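Everything below concerns the one structure shown next.
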Amino acid sequence: MISDETIATILRSIYVSGTATLLASVWSLPTSYVLTLKRRVGVVEAVIESLVGIPTVLLGLLLYILLSSSGPLAPLGIKLLYTPQAIILGESILVTPLMISTSYRVLKNSVVMYSELALSLGASKTQVMTLVIRESLPGVVASIIMSFSRALGELGIAMMVGGNISGYTRVMTTAIALGVVRGEFEEAIVLGLVLMAIMVVISVTLKLINKVYGID
Amino acid sequence: MSPRRLAGSHYGEWTRGDRWEVDGGELESMKMNSYEPLSTEKRLLHRLVLVASVVILLVVAYYLLFPLNQYVVRLKVATTTSLYATGLLEAIAEAFRKEYPNVRLEFIAVGSGAALRIAERGDACVVLIHEPYLEHQYLMKGVIGGGRVFGYNYFVVVGPKNDPAYISGVDNVLEVFRRVYVAGESGRTYFVSRGDNSGTHLRELMIWSLLGLNPGNTSWYRSCGCGMGDALLIANELGAYTLSDLGTYLKFKKGGKLQNLELLYVNTDDNLTINIYSAYIASRCSGDERRYGELLINFISKDEGGVIRDYGVKEFGQPLFYPVLENKSKFLSIWEWFAYR
């Protein structure tokens with residue numbers, strides 16, 4: 001029932017969105033930790049939170065202009081348009097505000113609860129950081145899962161900078177969109193169900209891991 | 001987690017300092033409760049995780065900067081959705097791959113307007129399109145060149161089975177649209193317009209303007225801003241008429257999604273409903289990509305292996321597209337008529 005191409009599309013989706021999420025966490029998590037240490041970040045917080053809902057098509061369009069052969073990056077010889085790497089880049093930017101704002105909340109809570117206490121007990125800055133991160137790990141993991149789901153489920157960026165090229169940049173959401181255009185609703189629905197199933201499985205697995213190895 | 005445990009977890013480090021030595025007794029009791037030193041295995045694991053994430057980062061960075069496989073020529077083709085959605089292009093790609101295995105055809109299926117914009121920005125090499133008026137404008141701008149008309153088919157009018165506008169049996173599309181207008185004005189039916197500046201939409205607007213009618217602001221004229229498939233589905237729900245390309249209609253009809261719609265007007269002698277597909281090479285395209293782009297256009301316009309001629313015959317009992325081949329001059333003059341209107 002599920003063809004090889006469909007399986008390849010599913011695997012590509014997971015690879016693209018997974019890499020994008022990892023990439024985003026490289027800069028998002030440190031940023032939100034730094035934010036927790038600063039006072040008066042209300043404005044920054046508000047801006048980041050408002051960016052969570054940025055239309056994916058808009059971001060896709062901006063990235064298209066940036067990566068296009070007529071774009072500002074073209075003279076540097078960066079030819080990323082219509083490659084999976086372009087989608088990875090776009091999705092990692094897309095999920096950054098979501099990851100920062102959700103992880104910021106849990107980190108902030110831990111900082112408020114433990115950091116002064118730990119400092120008063122003579123802990124060093126690194127120790128405080130380790131402690132805060134350990135304490136908020138379940139929340140941070142949840143934030144990463146949310147970001148992964150957002151990346152996996154978005155359509156605009158994959159369509160604009162990926163181009164939905166068969167066997168190369170076709171991911172689940174663009175394949176679903178193509179199924180609708182072609183009138184092949186059944187395939188679109190199968191892909192949609194697979195998409196949901198993957199999200200649920202990953203979410204449940206990580207929750208289990210959290211429960212087994214987690215602190216609470 | 002309790003503060004007790006919190007303090008305990010750092011006990012091992014703190015005793016290296018001197019401040020807490022005095023309270024050693026109390027700390028000792030915490031140790032009994034919860035202190036677990038980091039074992040060498042765990043330290044090793046942490047290191048491994050760190051190293052692994054650095055490696056992943058490097059690999060990702062490498063692929064971000066050098067994504068191309070040097071041995072394969074990527075030939076990017078911006079195409080209108082109708083060619084791609086019917087599956088014709090995949091059939092062509094398969095035949096082309098047999099002759100040029102080192103070329104990877106990459107189809108970017110968008111609207112006619114977007115396809116030309118993409119070519120203008122240098123992001124695609126070949127453009128496959130069916131909107132002579134737009135093609136002409138971009139030809140004048142020097143964005144595209146080397147054009148060939150390679151195929152054609154017919155626009156059809158589909159509508160509800162009971163045909164409230166009485167269009168079946170009419171022999172020209174102007175009269176069909178006039179009747180739909182009259183029926184719409186008297187509240188007997190709807191008309192669904194693509195409204196997305198696609199080739200089909202522009203053709204529909206042209207027919208209205210040839211009639212001197214402007215249904216744009218009426219309540220029976222529904223502009224959906226959507227693709228052909230969506231427009232057909234909406235027409236099916238509303239019991240409305242719409243202008244469609246034959247391929248999409250047949251595909252959706254066969255899938256059982258258009259139970260209320262019938263093919264009411266199809267006329268191969270009506271030049272106003274001829275839908276001409278052309279291939280162009282983008283002026284900014286160069287090197288290997290351009291060379292293979294020209295080969296592809298040549299390949300398509302010769303219809304080698306009869307891919308265009310045979311496509312859809314098995315599935316729908318009739319072809320969805322017809323190759324132009326030796327009728328080139330005839331279709332070029334029709335193309336010009338549309339381009340200079």
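Remember, it's a predicted structure, so these values are computed and weren't measured experimentally. Letters A, B, ... are given to chains in the order of the sequence lines, protein chains preceding strands, and every chain is numbered from 1.
- From K253(B), atom NZ reaches atom CD of E262(B) across 4.5 Å, with rounding to the nearest 0.5 Å.
- Taking the six-membered ring for Trp and thresholds of 30 and 60 degrees, Y64(A) and Y82(A) have ring planes inclined between 30 and 60 degrees apart.
- One finds the CG atom of D123(B) at 8.0 Å from the CD1 atom of I108(B) (value rounded to the nearest 0.5 Å).
- With a 4.5 angstrom heavy-atom cutoff, K76(B) touches chain A only via side-chain atoms.
- Ranked by heavy-atom pairs shorter than 4.5 Å toward chain A, the options I118(B), T86(B), T81(B) are led by I118(B).
- With a 4.5 Å cut-off on non-hydrogen atoms, F107(B) touches chain A through its backbone but not through its side chain.
- Interface remark: L76(A) contributes no atoms to any contact with chain B (heavy atom separation under 4.5 Å).
- Contact count against chain B (heavy-atom pairs under 4.5 Å) is highest for I65(A) among L178(A), I65(A), L67(A).
- Side-chain contact of S32(A) with S103(A): a donor-acceptor pair under 3.5 Å is present, judged by distance alone.
- Side chains of R150(A) and S17(A): a donor-acceptor N/O pair is absent below 3.5 angstrom, by distance only.
- Using a 4.5 Å cut-off between heavy atoms, L81(A) contacts chain B through both its backbone and its side chain.
- Under 3.5 Å, the side chains of R170(A) and T9(A) contain no donor-acceptor pair of N or O atoms.
- Closest non-hydrogen pair, A158(A) versus T174(A), comes out as CB-CG2, 3.7 Å.
- Interface residue V181(A): backbone and side-chain heavy atoms are both found under 4.5 Å from chain B.
- Only the side chain of T19(A) comes within contact range of chain B, with at least one heavy atom under 4.5 Å from a heavy atom of that chain.
- Only the side chain of L233(B) has a heavy atom closer than 4.5 Å to any heavy atom of chain A.
- Within the 4.5 angstrom heavy-atom criterion, only side-chain atoms of D230(B), from C-beta onward, approach chain A.
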